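Step one of this worksheet: look at the structure below.
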Amino acid sequence: MKKLLLIAAAAVFAFGTAAAQKQTKAEKEAAKMQQEIATSAYVKKIVDARNFQYMPVEYTRGNSLKQNALEEDQLIVRPDNILVSLGATSFVRTNEYEVVSDEMVKNNREVKIKATADDNSQVILTFIIDPKTAKTKLKINSSKAGYVVYEGTIQEAPRER
């Protein structure tokens with residue numbers, strides 16, 4: 001009889017623990033969904049305003065192996081100018097740019113920008129942004145640097161000094 005009581009108590013305990021874990025899993029899913037919603041709103045706000053900073057983690061030039069980006073590498077898009085300071089490409093600061101397209105493609109926001117560098121060379125920047133995470137792939141095609149693909153994230157651009 002005592003064995004049966006112990007087995008029943010263990011079963012109730014195990015069931016209660018499993019139910020608590022499921023609730024915790026549901027709570028984690030809800031928190032993750034809330035975070036994705038908040039991040040999506042943030043990404044929409046900064047991209048729509050053309051006021052964001054791209055921070056690369058790594059890049060690939062052509063068919064070469066991935067390389068780590070430099071700590072000081074950055075690209076800043078503002079409503080009136082673009083600053084490109086990426087080690088694998090040349091330094092560009094230009095007031096001449098236009099957004100060629102801005103659309104959703106396969107759950108990612110794709111923003112294509114055509115810019116004229118200070119030396120009159122053409123640069124095509126294609127940002128492929130996951131709105132849920134802000135992780136961003138940046139494809140750069142320029143007459144100087146060729147074709148380079150960066151992996152990184154975006155955030156709101158720092159205030160100009």
Side-chain angles (χ1 to χ4, degrees), residues 22-161:
K22 284 183 183 178
Q23 186 179 16
T24 302
K25 186 176 180 180
E27 289 172 355
K28 286 180 183 178
E29 287 293 322
K32 181 181 177 185
M33 187 177 292
Q34 286 297 102
Q35 179 63 41
E36 288 176 354
I37 290 169
T39 302
S40 291
Y42 173 74
V43 166
K44 180 175 176 21
K45 179 186 120 187
I46 64 175
V47 174
D48 285 352
R50 305 290 184 247
N51 189 39
F52 61 91
Q53 177 178 11
Y54 177 74
M55 298 177 334
V57 174
E58 59 188 21
Y59 69 92
T60 311
R61 180 187 302 274
N63 292 329
S64 67
L65 296 174
K66 288 184 179 182
Q67 298 179 30
N68 291 330
L70 301 174
E71 222 174 276
E72 59 272 8
D73 283 352
Q74 65 177 334
L75 186 150
I76 299 174
V77 175
R78 298 192 187 278
D80 60 346
N81 66 62
I82 293 178
L83 170 66
V84 179
S85 179
L86 300 169
T89 61
S90 58
F91 175 83
V92 176
R93 183 180 189 98
T94 183
N95 297 334
E96 294 183 41
Y97 81 89
E98 69 174 301
V99 176
V100 178
S101 64
D102 184 349
E103 58 193 2
M104 290 299 288
V105 178
K106 297 182 182 177
N107 297 323
N108 290 318
R109 186 162 179 185
E110 190 171 299
V111 179
K112 184 178 262 185
I113 296 173
K114 181 179 176 183
T116 303
D118 295 334
D119 65 357
N120 289 326
S121 64
Q122 294 296 306
V123 180
I124 304 292
L125 307 167
T126 305
F127 296 89
I128 302 168
I129 307 162
D130 180 344
K132 293 179 181 178
T133 63
K135 288 184 179 178
T136 305
K137 181 180 283 191
L138 169 61
K139 298 177 180 180
I140 300 177
N141 197 353
S142 75
S143 53
K144 277 188 165 181
Y147 187 72
V148 183
V149 178
Y150 284 89
E151 300 282 342
T153 59
I154 63 169
Q155 66 182 29
E156 189 168 13
R159 294 189 179 176
E160 289 186 274
R161 296 176 204 173

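Everything numeric here is computed off the predicted structure, so don't read it as measured data.
- Residues Gln53 and Glu156 fail the side-chain proximity criterion, which asks for heavy atoms closer than 4.5 Å.
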Please report the C-alpha distance between Lys114 and Gln122 in whole Å, then the side-chain angles of each, then the deciding distance to 0.1 Å, and finally whether the side chain to side chain contact (heavy atoms under 4.5 Å, CB included) criterion is met.
CA-CA 7 Å; Lys114 181 179 176 183; Gln122 294 296 306; 3.2 Å; yes
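- Shown here are the salt bridge (Lys or Arg N to Asp or Glu O under 4.0 Å) partners of Lys137, two or more places apart in sequence or in another chain: Glu151.
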For Val84 and Ile76, run side chain to side chain contact (heavy atoms under 4.5 Å, CB included): C-alpha distance rounded to whole Å, both residues' side-chain angles, the deciding distance at 0.1 Å, then the answer.
CA-CA 7 Å; Val84 179; Ile76 299 174; over 6 Å; no
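- Nearest heavy atoms, Pro131 versus Val43: O-CG2, 4.0 Å.
- Other residues, nucleotides and ligands place more than 12 heavy atoms under 6.0 Å from the CG atom of Asp80.
- Tyr54 contributes a side-chain N or O that, together with a main-chain N or O of Thr136, makes up a donor-acceptor pair within less than 3.5 Å.
- Val47 places a side-chain heavy atom less than 4.5 Å from the side chain of Ile154.
- Side-chain atoms of Leu138 and Leu125, non-hydrogen and from C-beta on, do get closer than 4.5 Å to each other.
- Counting heavy atoms from C-beta outward, Ile140 and Ile124 have side chains that stay 4.5 Å or more apart.
- For the residue pair Glu72/Ser85, the side-chain donor-acceptor check at 3.5 Å is not satisfied.
- Under the ring pair (Phe, Tyr, Trp, His ring centres under 6.0 Å) criterion, Phe127 pairs with Phe52, sequence neighbours left out.
- Here CG of Leu86 is found 4.0 Å from OH of Tyr150. Values are rounded to the nearest 0.5 Å.
- Side-chain atoms of Leu83 and Leu75, non-hydrogen and from C-beta on, never get closer than 4.5 Å to each other.
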Check: residues 32-39 side-chain donor-acceptor pairs under 3.5 Å, at least two apart:
residue: Gln35; atom: NE2; partner: Thr39; partner atom: OG1; Å: 3.1
residue: Thr39; atom: OG1; partner: Gln35; partner atom: O; Å: 2.9

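- Contact detail for Arg159 and Arg78: the closest heavy-atom pair is C-NH2, 4.1 Å.
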Evaluate Val99 against Val111 for side chain to side chain contact (heavy atoms under 4.5 Å, CB included), listing each step before the verdict.
CA-CA 7 Å; Val99 176; Val111 179; 4.3 Å; yes
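- Heavy atoms of other residues, nucleotides or ligands lying less than 6.0 angstrom from CD of Glu98 number more than 12.
- A 4.5 Å side-chain heavy-atom check between Glu103 and Arg109 finds every atom pair outside the cut-off.
- Residues passing the salt bridge (Lys or Arg N to Asp or Glu O under 4.0 Å) test with Lys135: none are found, sequence neighbours excluded.
- With hydrogens and angles ignored, the 3.5 Å screen pairs no side-chain donor or acceptor of Asp48 with any backbone N or O of Lys45.
- Evaluation of the salt bridge (Lys or Arg N to Asp or Glu O under 4.0 Å) rule for Glu96 yields no partner, not counting sequence neighbours.
- Here the OG atom belonging to Ser40 is positioned 7.5 Å from the CG atom belonging to Asp130, to the nearest 0.5 angstrom.
- Counting only heavy atoms from C-beta outward, the side chains of Asn108 and Ile129 never approach each other to under 4.5 Å.
- Listed here is the closest heavy atom pair of Lys112 and Thr126: CE-OG1, 3.4 Å.
- Take Arg50 and apply the salt bridge (Lys or Arg N to Asp or Glu O under 4.0 Å) test, not counting sequence neighbours, and it matches Asp102.
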